[in-house]
2 protein chains.
Amino acid sequence: MSTPAGEKLIAAASALFYRHGIRAVGVDLIAETAGTTKKTLYDRFGSKDALVALYLERRTGIWREFLHEHLRGRPVEDLFDVLALWLREQDRGCAFVNAYAEIGGTGHPAEPVIRAEKEWMRAYLVDRAREEGHPESAGVALHLLYEGATVLATAGGDPDAPARAKASALAVLYPPADQQGERGQQHQHDHGLAQR
Amino acid sequence: MSTPAGEKLIAAASALFYRHGIRAVGVDLIAETAGTTKKTLYDRFGSKDALVALYLERRTGIWREFLHEHLRGRPVEDLFDVLALWLREQDRGCAFVNAYAEIGGTGHPAEPVIRAEKEWMRAYLVDRAREEGHPESAGVALHLLYEGATVLATAGGDPDAPARAKASALAVLYPPADQQGERGQQHQHDHGLAQR
DNA sequence: CTGCGAGTATACCGACCGGTGTGGTTACTT
DNA sequence: AAGTAACCACACCGGTCGGTATACTCGCAG
């Protein structure tokens, strides 16, 4: 937690950065939106770049909390239902992908935050998948489908992308054992065919 | 084709937009890099926004040509090898995703170009998959994995993402009947086996 | 010969960029 | 009583933003 004015600045900056992009939002606008002054912004954070890094750090926390809360007690493939729910409000897609589009390869202090978020998500999905008896490759596939669904739902303009991704995920997690659609359905952790 | 000076401007703008982003590149820099003047830029294109749209339109053509050339006569799952090859030079990822991050939701003239590219790719993969005996759902899965691999290879910093995506794609396209060796298994796709 | 399209060079515009400096007002410690 | 952290109001800085204006040269087609 920061000071009250600091928190207002982070909140304003987060909303503006996410909606309009980083370079499109000036520090004057951030300060004005937050109801404070540019001076306070620089006293608290030192630079716009530092504020950008903080914006992304805060956002990882919010997403992880959302994910944990909504995926608790549900099979890992429901990730895509959670994603659809998230994207209903977060209609500008992945803040990290968007930020990388603007600052990638520049040595910006927020770059490691972006990379860490992707790595965390990969590890999380691999773990979750393994807990439910799926091989590591399944977790990796989930991660790829998750990123793909996010991109196609936003830049691609396809709101059904998460649903399509879930269908693909089910095909990977529960391979259709030749005929008998009976086998490939959801829930049930204990899948005998999960080896290694 | 445009006039000579116009082409030089498009070339300069394309390189700069892709590497540094759209908002990060000013028209002065574009004109200077192209060895022409700002006046010529506005005489030819009318606005920076129009130049941005043209940049993306040109890029769709270059990618499709690259894709057709390298995927000709190969199974559709080799898409990911082509992607890996493409990303070796295009290390800033998908220009359309990056552009959408900056201009998405603003009514920018380049927005339909972005959406069209994603739609074209989806249709292309569904068609290619179908030609090789795979269901439509397989083409959709390929599209999702393709986008996911691009994101994870760039923002995620994982250069092996396309290879991982190919492994996932193989699991979708050729459901493991006996399932074995999940790690370093490739090649041998003598896919004479066409299933519904 | 003339008109015109394409191009160059340069100056200019108001607005905004990230960032700093000065000065003053609260409110809580020590 | 003095210090200090937090904050506001406002002015200022050099530089860049997208875009425009003026004036000129060149090659070519009528």
Side-chain angles (χ1 to χ4, degrees), chain A residues 1-56 98-99 101-111 113, chain B residues 1-56 98-99 101-111 113:
Chain A
M1 272 292 272
S2 180
T3 62
E7 286 298 320
K8 285 197 290 182
L9 282 164
I10 294 177
S14 295
L16 290 168
F17 285 154
Y18 182 67
R19 177 134 314 269
H20 306 289
I22 292 169
R23 306 197 91 109
V25 174
V27 286
D28 297 84
L29 178 61
I30 295 171
E32 189 194 334
T33 303
T36 73
T37 65
K38 226 180 352 172
K39 184 63 163 51
T40 301
L41 191 158
Y42 279 92
D43 283 349
R44 291 292 128 242
F45 308 107
S47 72
K48 180 186 178 181
D49 285 352
L51 189 55
V52 169
L54 209 52
Y55 147 62
L56 292 176
N98 292 352
E102 296 197 71
I103 66 168
T106 62
H108 192 286
E111 272 190 81
V113 182
Chain B
M1 272 294 273
S2 180
T3 61
E7 286 299 321
K8 284 197 291 181
L9 282 164
I10 295 177
S14 295
L16 290 168
F17 285 155
Y18 182 66
R19 178 135 312 270
H20 306 289
I22 293 170
R23 305 198 93 108
V25 174
V27 286
D28 297 84
L29 178 60
I30 295 171
E32 188 193 336
T33 305
T36 73
T37 66
K38 230 183 345 174
K39 179 68 161 53
T40 302
L41 190 157
Y42 279 92
D43 283 349
R44 292 292 125 244
F45 308 107
S47 71
K48 181 187 177 180
D49 284 353
L51 189 56
V52 169
L54 209 54
Y55 148 61
L56 292 177
N98 292 353
E102 295 198 72
I103 66 168
T106 62
H108 193 285
E111 272 190 82
V113 183

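Given the structure is predicted, the values throughout are model-derived calculations rather than measurements. To find a chain, count down the sequence lines: A is the first, B the second, and so on, and within it residues start at 1.
Taking atom CG of B:Leu29 as the reference point, atom C1' of D:dG15 lies 14 Å away to the nearest angstrom. Note: CZ (A:Arg23) to C1' (C:dC16) measures 14 Å, nearest angstrom. Note: CG (A:Asp28) to P (D:dC10) measures 14 Å, nearest angstrom. Per the geometry, NE2 belonging to A:His20 stands 16 Å off C1' belonging to C:dC16, to the nearest Å. When the P atom of D:dC17 is taken as reference, atom CG of B:Leu41 falls 13 Å away, rounded to whole Å. With rounding to whole Å, A:Ile30 atom CD1 is found 14 Å from C:dC16 atom C1'. The interatomic distance linking A:His108 (NE2) with C:dG18 (P) rounds to 11 Å, in whole Å. What separates OH of A:Tyr42 from P of C:dG18 is a distance of 6 Å, to the nearest Å.
OP1 and OP2 of C:dT8 both lie 4.0 Å or more from every side-chain N or O belonging to B:Lys39. Using a 4.0 Å cut-off, some side-chain N or O of A:Thr40 falls inside it from OP1 or OP2 of D:dC8. Distances shorter than 4.0 Å separate none of the side-chain N or O atoms of B:Arg44 from OP1 or OP2 on C:dG5.
Contact between A:Glu102 and A:Ile22 at its shortest, heavy atoms only, is OE2-N, 2.6 Å. Across all their heavy atoms, B:Glu111 and B:Ile103 have their closest contact at OE2-O, 3.7 Å.
A:Ile30 contributes atom CD1, which lies 5.5 Å from atom CG of A:Leu51 (distance to the nearest 0.5 angstrom).
Within the 4.0 angstrom heavy-atom criterion, only backbone atoms of the sugar-phosphate kind lie near A:Thr3; the bases stay farther away.
The side chain of A:Thr36 lies closest to D:dC8, out of D:dC8, C:dA9, C:dG7.
Map A:Ile22 and B:Asp43 each onto its nearest nucleotide of DNA chain C; the residue landing nearer the 5' end is B:Asp43.
A heavy-atom distance below 4.5 Å is not found between the side chains of B:Asn98 and B:Phe17. The shortest distance between side-chain heavy atoms of B:Glu32 and B:Asp28 does not fall below 4.5 Å.
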